[in-house]
Participant: 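Mind looking over this structure? Questions follow.
Below, all heavy atoms of this structure are taken into account, side chains as well, without hydrogens, waters or symmetry copies. Ligands are counted one by one from 1 in listed order, and the atoms in each one are counted from 1 as well.
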Amino acid sequence: MKNSVFALMVFFFSQSLQSQTPAEKIKVDALVKQMTLKEKVGQMTQVTLAVIAKGGWGNQDGAIDAAALKKAVVDYKVGSVLNTTAHALSVETWNKIIKEIQDEAKNTKLKIPVVYGLDGMHGQTYTLNSTLFPQNIGMAATRNPELAVAMAKVTAKEQRASGVRWNFAPVLDIGRQPLWSRFPETYGEDVYIGKTMGARVIKAYEEDGLKNPTAVASCMKHYLGYSNSRNGKDRTPIYMPEIEMREYYLPQFREAVKAGASTIMINSGEINGEPVHASKYLLTDVLRKELGFQGMIVTDWEDIIRLHDRHNVASTPREAVVMAINAGIDMSMVPSDFSFYDLLIEAVKKKEVPMSRIDDAVKRILALKFKLGLFDNPYPESAAISNFGKPEYQALALDAAHEAMTLLKNKDNVLPLSKNTKVLVAGPSAQSISALNGCWSYTWQGKEEQWYPSDSKTILQTIAEKVGAGNVSTSTGKGFDNALNYDAGKLTAAAENADVIILCIGENAYAESPGNTRDLALPDDQIALVKAAAATGKSVILVLTEGRPRFITGIEPLAKGILMAYWSGKKTAEAVADVLFGDYNPDGRLPFSYPKSSGEIVLYDRKPTEEVREVFNDNISSGYDPLFPFGHGLSYTSFEYSDLKLSDTILSGNAKLTVSIKIRNTGGRDGKHTVELYTRDMYASITPSMKRLRAFQKINLKAGESKLVTFAIDKNDLAFVNAKLKTVTEPGEFEVMIGDKKGKFIYKQ
Ligand code: BGC
């Protein structure tokens with residue numbers, strides 16, 4: 001009874017984030033009745049800041065061109081503006097930009113405010129001195145949804161302080177293709193982590209109520225299947241049977257809709273030859289009718305015209321507009337001209353797009369604007385501005401970076417290092433800021449270090465602060481690409497007086513297509529550094545700053561310690577130093593399987609036929625053979641699992657099964673630890689996975705302390721998509737796995 005009341009409350013709460021109040025509906029309907037076709041189509045048009053900025057894309061200071069602004073807002077009646085021109089701008093500049101745009105909107109007949117949208121994927125990207133947190137891949141490693149919630153709340157506050165109320169986040173694409181350049185923006189390869197983190201983050205953005213100066217509208221993206229590109233390059237073809245789509249790619253969006261996401265952005269790619277922007281099936285039948293999404297659908301960058309000039313499914317630009325709008329698109333991120341506006345008006349006049357579809361789209365856009373309080377006050381709010389850059393955000397950024405750090409290897413307990421150790425800090429990331437933050441960091445690509453806050457620190461700096469300058473040497477220069485960083489001879493010479501070499505390697509920042517790579521192998525010049533370091537005979541510790549797994553199989557044996565730092569934002573360098581020297585006991589767990597090589601990309605939730613390597617007369621169970629498995633992550637203490645107990649051996653119907661386990665910290669240090677519960681369906685009509693993550697809990701254990709951890713699972717946690725594309729739980733035997741312990745139970749309908 002209690003449960004069902006709670007479920008009902010959750011339902012109404014989540015619906016209320018997206019759907020309208022009766023009063024809002026009356027206002028929206030009344031407004032739409034007064035609107036001309038031009039005004040409606042204008043609302044559906046979104047342009048980029050360069051269209052209204054002085055000097056266009058070349059603009060550096062956010063100054064608005066009054067004539068261009070008038071043309072966009074008064075003549076074309078655009079409903080939305082997005083993006084920056086070259087780089088991040090100050091809070092004051094953003095506030096000025098927003099004020100000028102909203103002032104101009106007051107010069108239109110209906111005075112409909114403009115909604116501004118910005119990307120804030122790991123903190124507010126385009127505002128100078130905003131707080132940047134780990135990328136989603138690092139947040140997934142924390143296994144700590146509370147941290148993800150806290151980070152989203154800060155992102156919302158810093159975005160709203162900038163006068164912007166619409167965040168193009170979170171990315172809900174699943175990271176099952178490590179070549180893909182947007183892998184760092186994902187929560188990794190597992191569906192459960194993705195849908196749990198994603199839904200919590202969406203609620204965090206929106207739950208205060210969108211009128212509140214602490215909230216922003218979220219934009220779940222990129223619907224659907226974007227990450228599954230066959231060749232690994234961004235925005236290239238996806239071939240995916242619907243059963244796979246529903247099992248691995250759709251659940252995150254289903255949960256996000258339930259969590260109340262206000263808007264959604266569409267995948268620029270194509271699935272089975274059909275661009276998603278033209279797919280009435282995915283946009284209307286699945287998203288609207290099946291998932292029940294009531295919010296607003298926006299395209300990604302230029303994705304309507306690309307139906308014509310890239311995908312070649314529309315023979316004219318107008319046909320592209322007709323396809324997309326009839327498929328269900330509400331707003332077009334055009335974004336560099338007004339072609340969409342002209343073409344859609346023409347198409348409606350020719351009756352190629354029904355007026356009912358236009359009204360539907362416009363109502364959703366206006367509903368969003370009402371919800372955001374833009375009709376009450378479209379201007380930057382002083383209550384919001386005062387929330388920018390609070391000191392506690394730095395502490396949160398450090399907590400998040402700490403919990404992201406994933407210790408992959410610690411041979412002979414080489415780590416933590418004593419603070420008296422003489423260390424050589426080398427490698428291209430040693431004096432780089434951008435390689436610690438990655439994409440969407442003050443610029444789109446994140447590479448231009450001049451825009452980062454002046455108190456951002458490098459790994460060399462934080463290590464020197466910790467152990468004293470006298471204990472630290474380096475062979476590197478400033479910036480990732482500095483030629484000094486790749487000089488193996490210099491490294492060898494500099495290592496002479498060091499006991500340990502800390503080699504910071506990996507990837508510099510990149511985003512989207514510029515991040516496409518020909519090879520996941522770590523570049524030769526970095527491999528050479530590792531070999532040179534090992535040849536000195538000193539202990540080598542690798543610090544990996546990377547957005548996706550770069551192959552290190554050949555050099556892994558040369559390192560005694562390996563710390564995966566990901567791109568963990570503002571406090572990456574502090575967190576790295578804390579872990580290396582024992583001021584923080586690492587607790588991150590890999591959110592993906594770290595592959596050995598391109599022929600060994602097998603995911604943890606493999607099928608039985610991937611588990612077995614068939615050799616004539618000899619089947620070997622080593623099909624899943626990553627360098628480091630999904631969920632791997634070492635600690636400076638040790639944890640022992642015992643007393644796995646199931647509340648019953650039979651789970652019936654809609655009942656819950658309680659699974660408990662005792663965890664003891666058997667080492668000498670306090671530590672956090674994530675307990676993960678996996679299940680395996682022993683036999684099913686669709687080949688079952690060897691294991692699937694169904695729940696996790698992060699706990700804190702003092703040295704010597706024990707805790708009982710309890711999970712409750714039900715039939716939904718055991719479900720899969722069957723051959724009829726229905727999500728079902730079939731009766732039969734299941735295995736539950738926590739740590740090294742296993743139990744069995746039977747599910748009966
Ligand atoms: C990206 C989106 C982003 C948009 C606006 C596109 O290139 O794919 O994720 O929201 O640009 O910046």
Side-chain angles (χ1 to χ4, degrees), residues 45-51 53 57 78 80-89 94 115-127 130 135-137 155 159 162 164-175 180-187 198 201-202 205 216-229 233-236 238 252-253 256 261-270 275-277 296-306 310-311 329-336 340 438-446 509-516 547:
T45 305
Q46 185 185 53
V47 294
T48 188
L49 181 61
V51 169
W57 280 112
V78 301
S80 182
V81 182
L82 86 151
N83 209 18
T84 187
T85 49
H87 51 75
L89 302 166
W94 276 120
V115 60
Y116 207 106
L118 280 179
D119 296 285
M121 263 75 128
H122 64 127
Q124 165 51 6
T125 298
Y126 290 135
T127 304
S130 69
Q135 302 279 345
N136 283 351
I137 199 73
T155 306
Q159 190 171 78
S162 314
V164 174
R165 302 186 192 181
W166 184 17
N167 189 9
F168 299 140
V171 170
L172 297 182
D173 305 307
I174 189 167
W180 191 46
S181 57
R182 303 193 76 169
F183 188 88
E185 297 177 56
T186 75
Y187 290 112
V201 160
I202 283 165
Y205 285 138
V216 290
S218 67
C219 185
M220 48 179 167
K221 67 188 189 183
H222 309 76
Y223 179 84
L224 183 70
Y226 184 28
S227 54
N228 194 20
S229 108
K233 303 270 190 271
D234 193 34
R235 293 176 159 84
T236 57
I238 296 142
Q252 300 81 330
F253 288 95
S262 288
T263 74
I264 191 166
M265 192 184 291
I266 305 307
N267 163 19
S268 305
E270 55 179 80
V276 182
H277 283 79
M296 196 254 274
I297 304 179
V298 65
T299 72
D300 202 345
W301 194 267
E302 284 181 4
D303 277 328
I304 293 188
I305 187 66
R306 288 183 189 188
R310 273 203 199 172
H311 292 294
I329 295 291
D330 298 321
M331 181 183 277
S332 170
M333 189 187 287
V334 188
S336 308
F340 166 80
C439 49
W440 304 105
S441 300
Y442 308 108
T443 59
W444 173 44
Q445 294 295 310
Y510 54 78
E512 301 186 42
S513 301
N516 286 342

Participant: Give every pair made of an N or O atom of ligand 1 and a protein N or O atom lying under 3.5 Å apart, one pair per line with both atom names and the distance to 0.1 Å, or write 'none'.
Facilitator:
from, atom 1, to, atom 2, distance (Å)
ligand 1, 7 (O), R235, NH2, 3.3
ligand 1, 7 (O), E512, OE1, 2.8
ligand 1, 7 (O), E512, OE2, 3.1
ligand 1, 8 (O), R182, NH1, 2.7
ligand 1, 8 (O), R235, NH2, 2.8
ligand 1, 8 (O), D300, OD1, 3.4
ligand 1, 8 (O), D300, OD2, 2.5
ligand 1, 9 (O), R182, NH2, 2.9
ligand 1, 9 (O), K221, NZ, 2.9
ligand 1, 9 (O), H222, NE2, 2.7
ligand 1, 10 (O), D119, OD1, 2.6
ligand 1, 10 (O), K221, NZ, 3.0
ligand 1, 12 (O), D119, OD2, 2.5

Participant: How far apart are the C-alpha atoms of W440 and Q135, what are their side-chain angles, what is the distance that settles it, and do they pass the side chain to side chain donor-acceptor pair (under 3.5 Å) test?
Facilitator: CA-CA 9 Å; W440 304 105; Q135 302 279 345; over 6 Å; no
Participant: With sequence neighbours left out, what residues match Y187 under ring-ring contact (aromatic ring centres under 6.0 Å, His included)?
Facilitator: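 With sequence neighbours excluded, Y187 shows a ring-ring contact (aromatic ring centres under 6.0 Å, His included) to no residue whatsoever.
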Participant: Testing the basics here: between Y116 and L82, what is the closest heavy-atom pair and its distance to 0.1 Å?
Facilitator: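 Looking at all heavy atoms of both residues, the shortest contact is OH-O, 3.6 Å.
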Participant: Just jot down the side-chain contact (heavy atoms from CB on, under 4.5 Å) partners of S229, sequence neighbours excluded, or say none.
Facilitator: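 Partners of S229 by the side-chain contact (heavy atoms from CB on, under 4.5 Å) criterion, ordered by chain and then number, come out as N231, T236.
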Participant: Between R306, R235, H311, which is the residue that forms a side chain to side chain donor-acceptor pair (under 3.5 Å) with S268?
Facilitator: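 One option only clears the test, and that one is R235.
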Participant: Among all residues two or more places apart in sequence or in another chain, which pass the ring-ring contact (aromatic ring centres under 6.0 Å, His included) test with Y226?
Facilitator: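 For Y226, the residues satisfying ring-ring contact (aromatic ring centres under 6.0 Å, His included) (neighbours in sequence not counted) are W180, H222.
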